[in-house]
Structures are given as C-alpha cells and as structure tokens.
Amino acid sequence: MHHSLLPLRFLCIPDVVLIVISKGSERTESVDIPMPALESLSPEIEIFKKSIRHDPRRRDRETLTKAQLSQKELEASMALLMYSTSLMRVDILSGTPLKALTTLAYSDNMNFQKTAARTFAAEVVKGGGSVQRDVMEPVLYMLRSYEIVVHEPTLYALANLVFRDEKNRKLAVELGALEDLNRLIRAAAPDVHCIALYAVNEITQTESLRVDVANSGVLDQLVSLSQSKDARVPPQVASTFLEFSYTSETRQMIVEAGAIPVLIQFLDSIDPDVQHFSADALTRIADDDAYQRMVVEAHEGLASTLVGLLDPFKPHVSSPVAQLLSRLVLAQDFRAKILQTRVLTLLSQMMRSNSYQLIRSSMRLFYALYNGLPIGSTNVEAALTDRIVELVLCKGNSDVQYEAVMTLFALSHNEENARAIVKAGALDHVRALVSQANLQIQSEMARFIYKLTFFESLRPQLDRSGLFEVLIPLSLSSQEEVWTPSAGAILEMIDTKDHISIARVWNAPTGGLRKCFIHFLRSNNGTLQHLTIRAIFGWLEHEDIAMKTLIAGSPEIVTRVKEIANDPEAYAPIRLQRETDATGVNPDAIALAQASLIIEALAVMMEE
C-alpha cells in the first residue's frame, strides 16, 4: 500500500506547554515513578502557569491561577514533564504516565489537550504493537475536540496505531473511529484530511472491516477527493479503492459509488503509484462479468489509453495495465480494438525486459489475445515467436517458463504460427525442460503438443523433431492432467499408415509406447481406452506385420484386451448411463455393441 510520509512538525513546537521529544525506541516496561506532591513543586508550578498561553475563546480560562486549574490537571502536567525529561527509559503509554497523559487528554483546557495529543503522536510508533482501550479511548476522544489544532497530532497517533495491526484496527472501529475519520476527511485543513484518509486506508486492509468502512459514508468522500489538487490525495484514494476491490461485497459498493470513472481518470495521472493502484483495482473489478462491460464502456478510447501505458522501461505501471487488458479481452469487440493498436510491438519489447514480472504479464496478455481465436487468425511475427520459444528455457524462473509454454499453446491455434513455433526449436526446448519441469508446466506442455498434432501436415516434422521423446515420459505421468492430453497426442500421431517411427520407440529404455499403451488400457478414462483399442484393431486389420509382431510380443497388452473381451463391464466407455430415447434406441447400447465387436475381433486376431 501507499504509505506517504506523515507530517512530523508537531512533535516539537515552541508554543506547546510541554515539549515532548520521542526517544524513537520500542515500548519498554513502565517505570512507575510516584506522583510528585504539589507543595514540593510550587516553584515549577508558577513557571508552568506562566508558560500556558491565554485562550480568549474560553471565558472560564481568562486568568490562569492555581485555583482555576484542577488539582489533577496540574499534577498530571508536572508528572508528565518529569517523565518526559527523565534520564530513565519510561514507557509513557502505560501505568502512571498513561494516567497522567489521559487526564490531560480529557481536559477541557485546549493547551492541556494539545499537549496530550502531541505526546501521543510522539510516543506511538508504527508497528509498536497492539494497545488496550486505555490508550485508544483518549486518542479517539481527542478526535472529537472542538480545537482544530488537536486533530492533526491525534490523527497521526491513530494512523500509527492502526498501521499493520489488526487488533488496533478492530478496536478503533469498535470504539467509533469511523464516524470521526469520515468527518475529518471533510476537514478544510489539507493535512488533517490527508492523515484521516491514510488511517482509513490502513483500516480497510483488514478484510472483515471493509464493509463497516464502506457503510460509514467514506465512499462518497473518496469520489469527491479524487478531484483534489493535493498530490498526496490521489494515491490514498486509489489505494483505498483497491482495498475495497478485493472482496465482492465492497467491490459492488464502490462501483455503485462511482469508482470506475475515477479510477479510469487516475490512469492519466503523472504519479506511477496512482496508475498502478488504479489499474490493479480496475482489474479486480473487471473480474466480475457484470462490471467488465461497465469498465469498457466508461471511456471510448480505453483500449488506446491502456496500450499507451505499456512501456518496457516502466514495469511498475506496465505490469498491472497488461493484466487489466488481459481481463478486458473477453469483453465484446474489445479484443479487436486492442489488436488495432501497436500492442504486439510493445509486447515484443516487454518480453525482452529485465523484469520477470513484466515478462509474465506481457505473455499473459499475449495469451489472452490469441487464446480461442478461430483457426487461421492473425499470424505473428517470427521475432516474437522466437522470443517466446526462448523463454521456455528461462533459467531460474519456472513462472516465466509456464507462461511461455501456455502462450505457445495459444499461438498454435493457427497452423502458420504452429509451423513457425516448431521451426524456432520449441520441441528441442521442451525436450530439454520436460524432466525438470513441475506439474503445472508439464500439463501445459502436454496441451501444447496435443494442439500441434492436430495439423496433419506438421506430423512428419514433429516426428523428426523427437516428439515421442517428450510424449512418452509425459504419458507415463501419475497426474491425469499431464498424461491425458499426452496420450491424445500419441494417438493422433499413430493415426497414420507409416509405422516406422512407432516401431522405433515401441521399446524405448523408459518403457516406450508399449508401456504407454498398457497404461492407457488400465486407465479409468473410457475415451482413452476406446481410442487405444481402435488403434490396435486398425493395425491388425490392415495386416501390418510389423505392428502385429510388436503387439504379439507385448503379453500385458494381449492380457488386458482379453480381460476386456471377457468382461465388457471392465470397459469404461460402455457403461450404460443414458436412458432409452423416444425411438427406443439407447446410444450407450449402440456404443457397447460396436465396442464389443471390436474387442471380439481383436481377441480372435490375437489368438492367431
């Protein structure tokens, strides 16, 4: 999140009653120093009384004498002065020091209250730990002070209390902080509403509090503040909207409040943080199909605006913008608008960036643009294809490797692109990576190769490139999402009259195709069982002597086929699941009859 430097000037101001300087150390055990007797401090009290500024707005404070100042306030002030100037390390936020500080916080004297506010501001540090009600209550009490000068240091203390501390955030909300913050966000003083906005941003980072914050009325304030000329405001507004966009309920609330136009407007900001937060928030809003169209229609030239923000030298902005474009691709006609820009040129440059994050987001956008396009769609320049193939072997970053293989899958919808991918050495790279790749990458490899085998004209080239060396280990994987598409690719490749390559890899050192076929026949995948049996039947039916010999020399395959022939229920795809239709025909029964004929014929051939 965006944590602007909060003002520190009020920590040491000449006209304050007690000048308190934070020692900058973490809280320690309280040193319980006895409260001093007033009689022993009478000279100091006189000096103290003279140092208190006259407040003409309070008639009961026209003259400040010992009789007019409450005994508790005087004692608390002198004790606090002694604690703050003590050479000993004193935790002012607990024990007797806190009691003295609280007395001043609840005082109706502006100077005492201002002293308490600035002391809290000096002593409460970011990440200082969770506090109890005895600390939070006086802080929130001073937010309701009629004195404006008390608000700023008090807000600073509250902002530090809720910084990355869920317990403090929840305590503050429980004690009514949201109402006060919502009121102070509207304050005329720029520093006051900036710090109040900062505190709200911190509180929204706790998911369970977001609905409470949104219902407090702060959303309207955020929309209004989006027009502020104060450079500190837009980052906080965009960041807060981003926090609300993480959950569906508050996402709907910010959309209804008018966040989408504000966030799109922020994309033109000169502040890269504002652009980053806005693009990220819009991405999460666009995750919801109902709002995706609203985002696209909010600005006529949105595609050109977003593509214009893609810059290989600015990953902080370009990466979330690329992710936003990836989400919006699915909106009607928006893909075409994106492709009409110079997006491919920019993506090619971004893929050569030194930022892995930018490389990943650019490939994700590329995948979104090309995945699902009709066969024969736009061809991609060879240089871009070559770069994606290179990234398959990106050392030390499996995320980039995964995105690269997934992008190759999207490109391979087009035969010309598929041919260019193979020519660029994609299979060599995949073969080098396959044994070291994780499950996720192997799954994408299998899908990608399966897609390549759809193009019959490519199969001879795939065979020469060593395709089976990749497919066999993938097909023997224990994970279904890996071996199922790999098996499909193998069955596509063997659907040809030339079985020389099949014979060559039938008994490879790792088990070869023979082991793969045994695996397919024993699987619970009915379609795969059926296709495997049909493939074997085809070889035998065409009197392919070489393949007959290979099958006959594989007793596990022969045994499994005979088992299926003798027990049709063991054959997964023929289990009757559908009811007989109106014509009295059961489609599953037809499939069963056809399969039974194939199995019986195959069993006879094997007996021969």
Side-chain angles (χ1 to χ4, degrees), residues 427 430-431 433-454 459 462-463 466-496 499-540 544 546-575 591 595 598-599 602-603 605-606:
L427 287 179
V430 169
R431 186 170 59 251
L433 179 64
V434 64
S435 62
Q436 307 162 15
N438 59 38
L439 174 62
Q440 192 180 34
I441 296 175
Q442 287 184 339
S443 177
E444 285 303 317
M445 284 179 174
R447 289 205 313 147
F448 160 56
I449 294 173
Y450 188 26
K451 181 61 71 64
L452 291 179
T453 61
F454 285 3
R459 292 174 190 170
L462 294 173
D463 185 20
L467 180 67
F468 285 107
E469 294 177 33
V470 178
L471 286 178
I472 290 173
L474 290 176
S475 297
L476 295 174
S477 169
S478 60
Q479 302 298 321
E480 186 172 0
E481 60 266 40
V482 176
W483 69 259
T484 301
S486 303
I490 287 177
L491 294 171
E492 287 285 347
M493 287 294 291
I494 65 176
D495 188 21
T496 172
H499 299 138
I500 297 175
S501 58
I502 299 175
R504 189 179 66 247
V505 294
W506 184 257
N507 286 302
T510 56
L513 282 179
R514 178 187 56 79
K515 190 171 182 180
C516 292
F517 273 48
I518 296 169
H519 182 50
F520 302 162
L521 290 170
R522 288 176 177 171
S523 74
N524 290 320
N525 187 309
T527 302
L528 194 53
Q529 280 186 347
H530 186 63
L531 292 174
T532 304
I533 288 176
R534 288 186 68 90
I536 297 172
F537 180 74
W539 294 335
L540 301 181
D544 190 316
M547 295 309 299
K548 275 189 174 183
T549 304
L550 291 176
I551 295 295
S554 305
E556 299 97 331
I557 294 178
V558 175
T559 301
R560 179 57 181 155
V561 171
K562 287 181 178 179
E563 288 174 355
I564 294 174
N566 294 327
D567 182 13
E569 288 300 319
Y571 186 40
I574 63 176
R575 293 172 190 149
I598 291 174
I599 294 169
L602 187 55
M605 291 178 183
M606 288 184 170

_Output field: ring centroids Trp506/Phe468 closer than 6.0 Å_ =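 They do not qualify: ring centres at least 6.0 Å apart.
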*Under the side chain to side chain contact (heavy atoms under 4.5 Å, CB included) rule, what do Val482 and Met445 come out as? Steps first, then yes or no, please.*
CA-CA 8 Å; Val482 176; Met445 284 179 174; over 6 Å; no
Please round to the nearest 0.5 Å and tell me the distance separating atom [atom1] of [X] and atom [atom2] of [Y].
X	Y	atom1	atom2	result
Leu452	Arg447	CG	CZ	12.5 Å
Thr532	Arg522	OG1	CZ	13.0 Å
Leu462	Ile449	CG	CD1	8.5 Å
Met493	Asp463	CE	CG	5.0 Å
Ser478	His519	OG	NE2	8.0 Å

So do [Y] and [X] actually touch side chain to side chain, heavy atoms under 4.5 Å?
X	Y	answer
Arg514	Leu550	no
Lys515	Ile472	no
Gln442	Asn438	no
Trp483	Ser523	yes
Ile518	Arg560	no

*Quick check: does any side chain N or O of Ser554 sit under 3.5 Å from a backbone N or O of Glu556, one acting as donor and the other as acceptor?*
no
*Is it true that a side-chain atom of Thr453 and a backbone atom of Tyr450 form a donor plus acceptor pair closer than 3.5 Å?*
yes
*Closest approach of Ser475 and Ile490, non-hydrogen atoms and distance?*
OG-CD1, 3.1 Å
*Which atoms form the tightest heavy-atom contact between Leu474 and Ser486, and what is the distance?*
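Residues Leu474 and Ser486, closest heavy atoms: CB-OG, 3.1 Å.
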*Arg459/Glu492 ion pair, N-O < 4.0 Å*: yes
